[in-house]
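Okay, so here's the structure we're looking at.
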Amino acid sequence: GGSPSFQLSPLDQPFQTSPPFHHHQHAAVPQQQPIFPFAPSPRSAVVAGDERTAQLLEALNTLDAPGLLDMKGIGKERARRVVEYRESVRITGTKPFSSLSDLSLIGMTAKNIEKLAADNAAASTI
């Protein structure tokens, strides 16, 4: 449904005691908060390397254990966890790693993940 408040003039409303002016004041002064649109999002670093991030995720989602071991920052233990995690989600039909933060699901910290992304971005031939 739509909001009928538009058709009624404020004078017809039974609750005149709380005038509708308060709400309008906030809308009238958006100039006071230029901070929001321009605030750097914490994700901006990741977005910059979007292409490489996509390649990294693609590798993590598709490579077999030996392929994973070829990647910088992935050893036997991590490769095993990646493969096990992929097996566990295969049943659900979802993409195992749809973003780098999903790597936290195999026990990697944000620092680990950043380093892995940086290492592989640097090693990338593209």
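These numbers come from a predicted model, not from an experiment.
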May I have all residue pairs that pass ring pair (Phe, Tyr, Trp, His ring centres under 6.0 Å) and include part of residues 59-81, sequence neighbours excluded?
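Listed by first then second residue: nothing to list.
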For residues 88-116, which residue pairs qualify under ring pair (Phe, Tyr, Trp, His ring centres under 6.0 Å), counting only residues two or more places apart or in two chains?
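Listed once each, the pairs are Tyr85-Phe97.
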Any side-chain heavy-atom pair from Asn112 and Leu103 closer than 4.5 angstrom?
no
Can you check whether Arg78 reaches Met108 side chain to side chain, under 4.5 Å on heavy atoms?
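Arg78 reaches Met108 side chain to side chain.
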Counting distance only, does the side-chain N/O of Arg52 pair as donor-acceptor with the main-chain N or O of Asn120 below 3.5 Å?
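Answer holds: no.
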Applying side chain to side chain contact (heavy atoms under 4.5 Å, CB included), run through Lys76 and Leu69 and close with a yes or a no.
CA-CA 7 Å; Lys76 281 205 174 77; Leu69 286 169; 4.2 Å; yes
Just how far is it from atom CD1 of Ile106 to atom CZ of Arg81, taken to the nearest 0.5 Å?
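So the gap between those two atoms works out to 7.0 Å.
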Partner residues of [X] under the side chain to side chain contact (heavy atoms under 4.5 Å, CB included) criterion, sequence neighbours left out:
| X | result |
| --- | --- |
| Glu84 | Arg80 |
| Leu68 | Leu60, Leu63, Met71, Ile74, Ala79, Val82, Val83, Arg86 |
| Ser99 | Ser101, Asp102 |

Quick test of your reading: applying side-chain hydrogen bond (donor to acceptor under 3.5 Å, both in side chains), list the pairs with at least one residue in residues 58-70, sequence neighbours left out, ordered by first then second residue.
none
Ignoring hydrogens, what is the shortest heavy-atom contact between Thr92 and Thr94? Give both atom names and the distance.
OG1-OG1, 2.9 Å
